[in-house]
There are 2 protein chains.
Amino acid sequence: MPPARAGNRHRPGRGSDALSRDVVVDAAVALLDELGERGFTVRLLVERLETGPGAVYWHVANKDELVALAADRVLASALSSPASSATEGGQGEGDMAPVKALRRLAVAVYDALDVHPWAGPQVTASPVLPSALALFDRVGGLLVRAGVPAHRRFTLATVVFTHVLAVSAQMTARAEAGGERVDRQAFLERSAARLEQLAGSHPFLADVAGDMRHHDDREQFLVGLDLLLSGLAAELAESPELIE
Amino acid sequence: MPPARAGNRHRPGRGSDALSRDVVVDAAVALLDELGERGFTVRLLVERLETGPGAVYWHVANKDELVALAADRVLASALSSPASSATEGGQGEGDMAPVKALRRLAVAVYDALDVHPWAGPQVTASPVLPSALALFDRVGGLLVRAGVPAHRRFTLATVVFTHVLAVSAQMTARAEAGGERVDRQAFLERSAARLEQLAGSHPFLADVAGDMRHHDDREQFLVGLDLLLSGLAAELAESPELIE
DNA sequence: GGCGACGCTAGAACCGCGTTCCAGAAAGTG
DNA sequence: CACTTTCTGGAACGCGGTTCTAGCGTCGCC
């Protein structure tokens with residue numbers, strides 16, 4: 001082989017401009033955002049990085065790990081974002097009503113998954129990501145402060161954690177059309193029209209089909225969350241003296 | 001067709017024993033149960049059916065459609081199972097308290113996805129499956145009977161529907177080890193041990209790690225569902241005269 | 001009862017993908 | 001200056017989804 005490339009490629013060796021795991025994951029996140037999970041391939045990533053497969057596989061074990069790292073980064077960024085913990089006044093989570101803080105945290109997770117729709121399924125598929133554990137811990141801590149008695153902590157933390165993650169993931173998972181993002185309004189319109197034809201077999205569906213035209217995923221996520229939290233508050237109110 | 005096979009293969013032509021869409025989907029469900037989504041390939045399916053790829057692709061457009069049909073069948077079976085609607089006494093859904101019926105329905109969905117863990121992610125990925133629509137319709141109908149006012153029906157039906165589907169899917173999605181089903185108890189043991197080492201960064205996690213040793217996914221699904229439904233009951237109690 | 005059309009099949013082949021191999025280039029080490 | 005270590009990238013392997021197509025049986029029709 002002649003001298004690999006006279007001039008316009010990354011030079012190998014352990015230089016300061018060497019590829020790092022972080023750079024690879026960053027590029028993966030960007031590509032996943034552009035193409036969705038289906039369109040994302042290692043070959044495309046390699047091309048974008050102007051390198052070869054060996055370079056990527058030096059830093060990560062395989063594609064699964066790569067996507068997991070990318071998803072972990074998305075969730076981690078949601079957890080570290082100020083919106084997930086601070087009040088408008090600039091105070092930390094520590095001074096907020098726990099339930100309010102829980103709501104904020106959940107919204108931050110939802111918004112992060114909404115921006116990176118490919119990450120949702122990934123996070124729910126294997127909730128062993130470091131940042132998923134961190135989220136669980138945050139949820140649990142807030143429940144403790146909300147006064148959940150010790151024997152209910154694990155169960156209720158799991159319930160809230162799972163609800164937030166699973167529902168966010170499902171609601172933000174778009175129909176990954178390979179590249180062209182369909183017009184949302186037109187899509188809802190078509191769906192509603194289709195549903196109205198099912199009056200025979202699915203009366204309720206046909207009945208509410210019209211509501212679909214102005215429905216907002218994010219708002220519904222909040223309704224569900226509030227329902228769950230109000231159920232939780234009810235349980236706490238029933239046995240206030242059980243607290244630890 | 002006594003000879004059924006000239007040499008030792010299915011004969012072509014449009015005989016009564018020709019492959020049908022149903023047969024293909026049946027075989028797909030069976031294979032998916034055995035191998036999980038990752039291990040399932042069209043080639044394996046073709047081999048099991050003792051035929052060629054052309055036969056399969058004559059009946060379904062592509063692998064995605066095939067898996068979607070399989071998932072749809074799983075969900076549909078849950079909806080038609082007696083457990084999803086009948087009381088022990090043999091009466092139908094019609095005579096049951098709506099909330100109780102809702103619970104039953106949710107459990108049927110959970111159990112179906114629990115038996116076919118590969119189906120969960122599939123159903124949540126594209127909730128446009130016919131049986132998903134049917135589920136939504138059932139949920140909505142029960143909410144109407146529970147007294148949900150008209151202007152809240154669509155929103156609340158979506159919330160309950162999404163919760164049931166998304167949480168079931170997440171909790172039943174196993175770590176699809178390609179063939180060997182790991183011992184659950186040992187897995188929980190290892191997880192708990194690992195969590196206990198995180199006391200520094202994740203105090204709550206370390207605190208409840210022990211609880212993980214005897215935790216039951218199904219039970220926690222029910223806790224979450226009941227929390228949501230009790231929140232819903234609370235909303236209804238607040239404005240009883242709004243009913244339609 | 002021959003005959004063409006159609007439904008359905010299955011082998012071969014195409015192509016893109018994840019992944020591995022390995023020869024080798026720069027930077028670090030003595 | 002050898003010599004090691006870290007990192008690279010072109011080539012190649014094997015597998016998986018999918019398409020192509022020659023052909024088999026059966027049915028409708030004259």
Side-chain angles (χ1 to χ4, degrees), chain A residues 1-25 27-28 31-32 35-70 122 176 178-179, chain B residues 1-25 27-28 31-32 34-70 118 122 176 178-179:
Chain A
M1 305 300 139
R5 223 54 176 282
N8 59 5
R9 283 269 156 145
H10 282 289
R11 56 190 142 70
R14 42 186 175 187
S16 52
D17 67 336
L19 226 49
S20 73
R21 199 173 157 112
D22 270 347
V23 173
V24 173
V25 176
L31 254 185
L32 281 162
L35 307 170
E37 168 136 48
R38 301 292 284 254
F40 173 77
T41 72
V42 176
R43 286 172 130 93
L44 249 27
L45 178 66
V46 162
E47 191 179 333
R48 162 99 28 133
L49 290 171
E50 294 188 321
T51 179
V56 169
Y57 279 93
W58 174 261
H59 295 285
V60 301
N62 52 42
K63 192 190 183 184
D64 284 350
E65 179 183 307
L66 180 56
V67 180
L69 285 170
Q122 193 60 31
E176 300 196 14
Chain B
M1 315 30 196
R5 12 189 94 190
N8 55 8
R9 284 267 153 147
H10 282 290
R11 56 180 153 66
R14 40 187 175 187
S16 54
D17 65 338
L19 225 49
S20 74
R21 197 174 159 112
D22 271 346
V23 173
V24 173
V25 175
L31 255 185
L32 280 162
E34 289 174 37
L35 307 171
E37 168 134 49
R38 302 291 282 255
F40 173 76
T41 73
V42 175
R43 286 173 131 93
L44 250 25
L45 177 66
V46 163
E47 190 180 333
R48 161 101 27 132
L49 289 171
E50 293 186 325
T51 178
V56 169
Y57 280 94
W58 176 260
H59 295 284
V60 301
N62 50 42
K63 192 190 182 185
D64 284 351
E65 180 183 307
L66 179 56
V67 180
L69 285 170
W118 50 268
Q122 193 61 31
E176 299 197 15

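Below, each value reflects all heavy atoms present in this structure, side chains not excepted, and no hydrogens, waters or symmetry copies. Below, read A as the first sequence line, B as the second, and so on, with proteins coming before strands; counting in each chain starts at 1.
- Side-chain N/O atoms of A/Trp58 include none lying less than 4.0 angstrom from OP1 or OP2 on D/dT8.
- In this model, the phosphate group of C/dT9 is approached by a side-chain N or O of B/His59 to a distance below 4.0 Å at OP1 or OP2.
- In this structure, NE2 in A/His59 is found 12.5 Å from CG in A/Leu69, a value given to the nearest 0.5 Å.
- Residues satisfying the side-chain hydrogen bond (donor to acceptor under 3.5 Å, both in side chains) test with A/Asn62, not counting sequence neighbours, are none.
- Side-chain contact between B/Thr41 and B/Leu31 is absent, with no heavy atoms from C-beta onward closer than 4.5 Å.
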Sort me out a list of protein N/O and nucleotides 14-18 of chain D N/O pairs below 3.5 Å, or just none if empty.
| from | atom 1 | to | atom 2 | distance (Å) |
| --- | --- | --- | --- | --- |
| D/dG16 | N7 | B/Arg43 | NH1 | 3.3 |
| D/dG17 | OP1 | B/Lys63 | NZ | 2.8 |
| D/dG17 | OP2 | B/Val42 | N | 2.9 |
| D/dG17 | N7 | B/Arg43 | NH1 | 2.4 |
| D/dG17 | O6 | B/Arg43 | NH1 | 2.8 |
| D/dG17 | O6 | B/Arg43 | NH2 | 3.1 |
| D/dT18 | OP2 | B/Tyr57 | OH | 2.7 |
| D/dT18 | OP2 | B/Lys63 | N | 2.7 |
| D/dT18 | O5' | B/Tyr57 | OH | 3.4 |

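- The CG-C1' distance, from A/Leu35 to C/dC17, rounds to 15 Å in whole Å.
- A/Glu65 pairs by the salt bridge (charged side-chain N to carboxylate O under 4.0 Å, His left out) definition with A/Arg21, not counting sequence neighbours.
- Applying the salt bridge (charged side-chain N to carboxylate O under 4.0 Å, His left out) test to B/Arg43 and every residue at least two apart in sequence or in another chain returns nothing.
- A/Glu50 places its CD atom 16 Å from the C1' atom of D/dG10, with the value rounded to the nearest Å.
- Put simply, the side chain of B/Trp118 does not reach to within 4.5 Å of the side chain of B/Arg38, judged on heavy atoms.
- The nearest whole Å value for the distance from the CG atom in A/Leu66 to the C1' atom in C/dC17 is 15 Å.
- In this entry the distance linking CD of A/Glu65 with C1' of C/dG18 reads 14 Å, nearest Å.
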